[in-house]
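Okay, so here's the structure we're looking at.
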Amino acid sequence: MSDTVTREADVARGGQGLARVAVVVRAGAAPLVRLGVPAAGIGAVPEGLTGRLVGVAAGAVLFVTATAVTALAHRPRYAALAAGATRAGRYDLLQYRAVTVRNWRRGHRWWLLLAFVAALGSAFALPVAGGLLLTGVGTGLRLKARWLGRRERALDALLWVRVDWLDRRGGAPAGKAVRELRTTGVGAGDAAPGGARRRATASV
């Protein structure tokens, strides 16, 4: 009860809920890969219209292309926002990594399901390719998060976005609604640079 009162008081003083940019970006990586790999495996069963060999070759091209496009997309926008980021306020509330990930995955659950079904269905025309496409997008998101992590280390600061500026599905941390980013020290929050879980440090 006291925590709730404290948080309400903080917001009343002008604090904002903040989510880690890299965590939002990284949130879709694992589910896309986890859906894409089995979709590619199941998609290898039918011969399809083109045959498995053509499907695998096309899937490899799609994987590489999707990885590169996803990893490179909007980098200038992220760089510009990072360059103009301001220090987080005293009463800003840092959202837990698990909450940010859960919000993104809940907001995108139907999209993920449809993408998986589409990948399976496409195997009857082009075996394997749909699953490798999903895997490529997931891999690209992970690479983008790592790139953000390198920028955070170079800045010696973590990048945060206001939760109310994310889209209704909990994504788009560099979307049109995002006017600026906020920064904290690298020790803030429970996610390391790049959005991965912090490793527990052994006590001496």
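Keep in mind that this is a model prediction, so the values were computed, not measured. Keep in mind that the numbers below use all heavy atoms, side chains included, and drop hydrogens, waters and symmetry copies.
Panel note: side chain R75, backbone A71; a donor-acceptor pair is recorded below 3.5 Å. K144 places no side-chain N or O within donor-acceptor distance of the main-chain N or O of L72, the cut-off being under 3.5 Å. Proximity of a side-chain donor or acceptor of R142 to a complementary backbone N or O of A29 within less than 3.5 Å is not detected. Judged purely by atom type and a 3.5 angstrom limit, R106 has no side-chain atom pairing as donor or acceptor with the backbone of R169. Formation of a donor-acceptor pair under 3.5 Å by the R105 side chain with backbone atoms of G28 is not found in this model. For S122 (side chain) and A119 (main-chain N/O), a donor-acceptor pair under 3.5 Å exists by modelled atom type. Checked by atom type and distance alone, the side chain of D156 never pairs as donor or acceptor with a backbone atom of R153 at under 3.5 Å.
In this structure, L166 and G170 approach most closely via the heavy-atom pair CD1-O, 3.9 Å. For T100 against A19, the heavy-atom pair with the smallest separation is OG1-CB, 3.8 Å. In terms of heavy-atom proximity, A73 sits nearest to Y78 at O-CE1, 4.3 Å. The nearest pair of heavy atoms linking P46 to P127 is O-CG, 3.5 Å. Here the shortest heavy-atom pairing between A82 and L159 reads CB-CD1, 3.8 Å. For the pair W147 and A79, the tightest heavy-atom approach, listed with the atom from each and the gap, is CH2-N, 4.3 Å.
The neighbour count for R146 CZ, taken as heavy atoms of other residues, nucleotides or ligands under 6.0 Å away, does not exceed 12. Atom NE2 of H74 has 12 or fewer neighbouring heavy atoms from other residues, nucleotides or ligands inside a 6.0 Å radius.
From L155, atom CG reaches atom CZ of R150 across 13.0 Å, with rounding to the nearest 0.5 Å. The CG atom of L126 lies 9.0 Å from the CG atom of L49; values are rounded to the nearest 0.5 Å. Between the CG atom in L181 and the CH2 atom in W165 there is a gap of 8.5 Å [rounded to 0.5 Å]. Taking CD from Q95 and CD from Q16, the interatomic distance works out to 12.5 Å, rounded to the nearest 0.5 Å. Rounding to the nearest 0.5 angstrom, the gap separating the CG atom in L158 from the CG atom in L148 is 11.5 Å.
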Inset, instruction - Starting from the C-alpha separation in whole Å, work towards a yes-or-no answer on side chain to side chain contact (heavy atoms under 4.5 Å, CB included) for R26 and R97. - result: CA-CA 11 Å; R26 193 185 184 95; R97 180 185 186 277; 4.2 Å; yes

Inset, instruction - Evaluate the criterion side chain to side chain contact (heavy atoms under 4.5 Å, CB included) for residue pair L93 and L18; output intermediate values, then yes/no. - result: CA-CA 6 Å; L93 307 176; L18 303 180; over 6 Å; no

Inset, instruction - Step by step, work out the side chain to side chain contact (heavy atoms under 4.5 Å, CB included) result for D190 and R197. - result: CA-CA 7 Å; D190 62 347; R197 292 188 185 91; over 6 Å; no

Inset, instruction - Check the pair W104 / V24 against side chain to side chain contact (heavy atoms under 4.5 Å, CB included), numbers first and verdict last. - result: CA-CA 7 Å; W104 190 97; V24 178; 4.2 Å; yes

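For residues 44-57, the salt bridge (Lys or Arg N to Asp or Glu O under 4.0 Å) pairs, not counting sequence neighbours, are E47-R52.
Linking Ile, Leu, Val, Met, Phe, Trp and Tyr whenever their side-chain heavy atoms come within less than 4.5 Å leaves V33 and L132 in two separate clusters. No continuous path of ILVMFWY side-chain contacts below 4.5 Å connects L133 to L35, so the two sit in separate hydrophobic clusters. When the side chains of ILVMFWY residues are joined at heavy-atom separations under 4.5 Å, either directly or via intervening members, V21 and V163 end up in two distinct hydrophobic clusters. In the hydrophobic cluster analysis, where Ile, Leu, Val, Met, Phe, Trp and Tyr join through side-chain heavy atoms closer than 4.5 angstrom, F116 is grouped apart from W110. At a threshold of 4.5 Å between side-chain heavy atoms, the hydrophobic network of Ile, Leu, Val, Met, Phe, Trp and Tyr places V25 and L143 in two separate groups.
Under 4.0 Å is where a charged nitrogen must lie from a carboxylate oxygen, and between R182 and E180 at least one such pair does.
T183 and W160 share no side-chain donor-acceptor pair at under 3.5 Å.
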